[in-house]
Amino acid sequence: MSDRVRQADAGDGRSDGLTSQEKKELVELRRKTRQLELENQILKQAAAYFARENVVPK
């Protein structure tokens, strides 16, 4: 029962807890962050590869 009271309080803004909507948004933002970090890593590796290709004599 106390879990329901805490959840209701959080939903009403009476508690420091997150609402279900905020939790959902947090999960989505963390997923997007992981995706962007992966894409950033791939782009850095590609840039390093092409930079080496331009420096090494053929």
(message) Other members of the hydrophobic cluster containing Leu43, with the 4.5 Å side-chain heavy-atom rule, please.
(response) none
(message) By the side chain to side chain donor-acceptor pair (under 3.5 Å) test, which pairs, at least two apart or in different chains, include something from residues 37-48?
(response) Gln35-Glu39
Let me have the donor-acceptor pairs involving side chains of residues 25-33, under 3.5 Å, with sequence neighbours excluded, atom names and distances please.
from: Glu28; atom 1: OE2; to: Arg31; atom 2: NH2; distance (Å): 2.8
from: Thr33; atom 1: OG1; to: Leu29; atom 2: O; distance (Å): 2.8

